[in-house]
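The structure appears right after this line, and notes come after that.
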Amino acid sequence: MTQHTIAFLGLGSMGLAMATNLLKAGHRLTVYNRTVSKAEPLRQLGATVAATPAEAVKDAEFVFTMVTDDAALQEICLGPEGILLALPQGAVHASCSTVAPDTNRRLAEEHARHGSSLVTAPVFGKPDVAAAGKLWLAVAGEASAREKLKPVLEPLGQGVHDFGDDVGAASIVKLCGNFMLGAAIEAMAEAFTLAQKSGLERQQVYEFFTSTLFNTPIYKSYGKLIAERHYQPVGAPPAIIRKDLRLILDESRARVVPMPFANIIHDHLSTSVAKGEQNDWAGFAERVTEGAGL
């Protein structure tokens, strides 16, 4: 693999795992995170730790961002110490965060004015999947930038799927995917709760369905949490995915697409956030079980 100079900004559980795999693949890596201590494991592996986003990207061929929300992404790009102050012309920014499609579209326009490119590259998978380099990635953006980026993505996942020139398209795919995950969690919560109130063991019902009709990774992984009513370890906290559901509902209203299930999931997550739950976001399944008096 060709060695590249890469900057990685945002070292939460997902970002840290992804950055580690890029470093292990032999790339020259500079990292930035607001909480500097989170960069220490990468520094010990040979990464350079930058004090600002602009410092992190000054020599970068590729920049990866994995931050919490739209405001954080815009600040890291356009803020007083943002990447567009120092990013070399011709560099490619892989925007991996779950944000509104229009946020990435606006930032892509700023990149074009600067002489760089933005490719939307959201990922699917929990932190343990990221650590194993088994993520699924969706990409969208200018064709030449997509092709330039794709080889760099190889250490991160088991497949890259191309959604064309509209830089917002991959963001839409990410929102659709997170909605479908939420709908699956809601469906299992309702089904397992009905089974339990009918005198069946949740675990037995889970094992039957995940070895027959629903023998898929999502039903197996999230289904196990729901069957056991134990929502650890935390892949993503409720507040983060509640933000994603808000983005989904914003898009659905803009496109005049009724999404009643999305409203239900958003409301369940709102309750989880209001209760201060520190579980994985799939813990919103408890709203169904609590509602049934269990």
Using the side-chain contact (heavy atoms from CB on, under 4.5 Å) rule, take Phe64 and Leu156 through it: C-alpha gap first, then chi angles, then the decisive distance, then the call.
-> CA-CA 12 Å; Phe64 285 78; Leu156 303 180; 3.9 Å; yes
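- The pair Lys275-Glu290 counts as a salt bridge, with a side-chain nitrogen and a carboxylate oxygen less than 4.0 angstrom apart.
- With hydrogens and angles ignored, the 3.5 Å screen pairs a side-chain donor or acceptor of Arg146 with a backbone N or O of Gly141.
- When hydrophobic clusters are built by joining Ile, Leu, Val, Met, Phe, Trp and Tyr residues whose side-chain heavy atoms come closer than 4.5 Å, directly or via intermediates, Leu87 is grouped together with Leu9.
- Under 3.5 Å, the side chains of Ser272 and Arg287 contain a donor-acceptor pair of N or O atoms.
- Put simply, the side chain of Ser252 never gets that close to the backbone of Met259: no donor and acceptor are under 3.5 Å apart.
- In the hydrophobic clustering of this structure, Leu84 groups with Val99; members are Ile, Leu, Val, Met, Phe, Trp, Tyr whose side-chain heavy atoms approach within less than 4.5 Å, directly or through other members.
- A side chain to side chain contact (heavy atoms under 4.5 Å, CB included) with Cys176 is found for exactly one of Val173, Ile172, Asn178, namely Ile172.
- Counting heavy atoms from C-beta on, the side chains of Leu137 and His161 never come closer than 4.5 Å.
- A single hydrophobic cluster is seen to contain both Leu11 and Leu135, as judged by linkage of ILVMFWY side chains at heavy-atom distances under 4.5 Å, directly or through other members.
- Between the side chain of Ser211 and the main chain of Phe208, a donor-acceptor pair closer than 3.5 Å is present.
- Residues Val92 and Glu61 fail the side-chain proximity criterion, which asks for heavy atoms closer than 4.5 Å.
- By the 4.5 Å heavy-atom criterion applied to side chains, Val123 and Met14 are counted as neighbours.
- Using a 4.5 Å cut-off between side-chain heavy atoms of Ile, Leu, Val, Met, Phe, Trp and Tyr, with links allowed through other members, Phe124 and Phe214 fall into different hydrophobic clusters.
- When atom types are taken as modelled, the side chain of Gln278 and the backbone of Gly276 share a donor-acceptor pair closer than 3.5 angstrom.
- A pairwise comparison of heavy atoms in Ala108 and Val167 identifies CB-CG1, 3.9 Å as the closest pair.
- Considering every non-hydrogen atom in both Thr210 and Tyr219, the closest pair reads CG2-O, 3.7 Å.
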Steps toward side-chain contact (heavy atoms from CB on, under 4.5 Å) verdict (Ser117, His93) = CA-CA 6 Å; Ser117 301; His93 172 194; over 6 Å; no
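- The side-chain heavy atoms of Phe179 and Ile265, taken from C-beta on, include a pair separated by under 4.5 Å.
- Within 6.0 Å of atom CD in Gln203, more than 12 heavy atoms from other residues, nucleotides or ligands are found, so the atom counts as buried in its surroundings.
- For the residue pair Asp59 and Thr5, no side-chain donor N or O sits within less than 3.5 Å of a side-chain acceptor on the partner.
- When every heavy atom of Gly82 is checked against every heavy atom of Ala54, the shortest pair comes out as O-CB, 3.5 Å.
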Show your working on side-chain hydrogen bond (donor to acceptor under 3.5 Å, both in side chains) between His27 and Gln3 and close with a plain yes or no.
-> CA-CA 5 Å; His27 297 298; Gln3 186 184 61; over 6 Å; no
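- Atoms CG and CG, on Leu107 and Leu78 in that order, are 5.5 Å from each other to the nearest 0.5 Å.
- Side-chain contact of Glu186 with His268: a donor-acceptor pair under 3.5 Å is present, judged by distance alone.
- Inter-residue side-chain proximity for Thr2 and His4 is flagged as met; some heavy-atom pair is nearer than 4.5 Å.
- Side-chain contact between Phe163 and Val139 is absent, with no heavy-atom pair separated by less than 4.5 Å.
- Between the side chains of Asp70 and Thr103, at least one donor N or O lies within less than 3.5 Å of an accepting N or O.
- Salt bridge annotation for Asp166-Arg105: present, with a cationic side-chain nitrogen under 4.0 angstrom from a carboxylate oxygen.
- Contact check for Trp136 versus Val160: no side-chain heavy atoms found under the 4.5 Å cut-off.
- Side-chain contact annotation: Ser95 with Thr120, donor-acceptor N/O pair under 3.5 Å absent.
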CA sep, side-chain torsions, deciding dist, call: Asp162, Lys150, salt bridge (charged side-chain N to carboxylate O under 4.0 Å, His left out) | CA-CA 10 Å; Asp162 194 317; Lys150 283 178 182 178; 2.6 Å; yes
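- Classification of Arg34 and Glu75 as a salt-bridged pair fails, no side-chain N sitting under 4.0 Å from a carboxylate O.
- Side-chain N/O atoms of Ser116 and His111 include a donor and acceptor closer than 3.5 Å.
- Other residues, nucleotides and ligands place no more than 12 heavy atoms under 6.0 Å from the CD atom of Gln204.
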Leu45 vs Thr20, side-chain contact (heavy atoms from CB on, under 4.5 Å): CA-CA, chis, key distance, verdict = CA-CA 8 Å; Leu45 290 173; Thr20 300; 4.0 Å; yes
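- Contact check on Glu109 versus Arg106 returns no salt bridge, with no Lys/Arg side-chain nitrogen under 4.0 Å from an Asp/Glu carboxylate oxygen.
- More than 12 non-hydrogen atoms from other residues, nucleotides or ligands lie less than 6.0 angstrom from NZ of Lys243.
- Note on ring orientation: taking the six-membered ring where Trp is involved, the planes of Phe192 and Tyr206 are perpendicular (angle over 60°, cut-offs 30° and 60°).
- Between Gly79 and Leu85 the shortest heavy-atom distance is O-CD1, 4.1 Å.
- For Arg113, the CZ atom sits in a packed shell: over 12 heavy atoms of surrounding residues, nucleotides or ligands are nearer than 6.0 Å.
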After noting the C-alpha distance and the side-chain angles of Trp281 and Ile240, does the key distance pass the side-chain contact (heavy atoms from CB on, under 4.5 Å) rule?
-> CA-CA 8 Å; Trp281 74 288; Ile240 294 295; over 6 Å; no
Test log, rule salt bridge (charged side-chain N to carboxylate O under 4.0 Å, His left out), inputs Asp128 and Lys134 = CA-CA 9 Å; Asp128 59 335; Lys134 297 294 185 182; over 6 Å; no
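- Residues Glu142 and Val119 fail the side-chain proximity criterion, which asks for heavy atoms closer than 4.5 Å.
- The CG atom of Asp69 sits 9.0 Å away from the CD atom of Gln74 when rounded to the nearest 0.5 Å.
- Under the 6.0 Å distance and 45° angle rule, Lys220 does not count as a cation-pi partner of Phe209.
- At a threshold of 4.0 Å, the pair Lys58-Glu55 does not count as salt-bridged, since none of the basic side-chain nitrogens sits closer than that to a carboxylate oxygen.
- Val288 and Phe284 end up in different hydrophobic clusters when Ile, Leu, Val, Met, Phe, Trp and Tyr side chains are linked at under 4.5 Å.
- The shortest heavy-atom contact between Ala285 and Tyr231 is CB-OH, 3.7 Å.
- Applying the 6.0 Å contact sphere to CD of Gln44 captures more than 12 heavy atoms from other residues, nucleotides or ligands.
- Without hydrogens or angle criteria, Asp280 side chain to Gly235 main chain gives a donor-acceptor distance under 3.5 Å.
- If you take NZ on Lys224 and CZ on Arg202, they are separated by 13.5 Å, rounding to the nearest 0.5 Å.
- For the pair Pro101 and Glu251, the tightest heavy-atom approach, listed with the atom from each and the gap, is CD-OE2, 3.5 Å.
- Rounding to the nearest 0.5 Å places CD of Glu286 at 11.0 Å from CG of Leu225.
- Of the N and O atoms on the side chains of Ser270 and Arg242, at least one donor lies less than 3.5 Å from an acceptor on the other residue.
- In the model, Asn279 has a side-chain atom that pairs as donor or acceptor with a side-chain atom of Gln232 under 3.5 Å.
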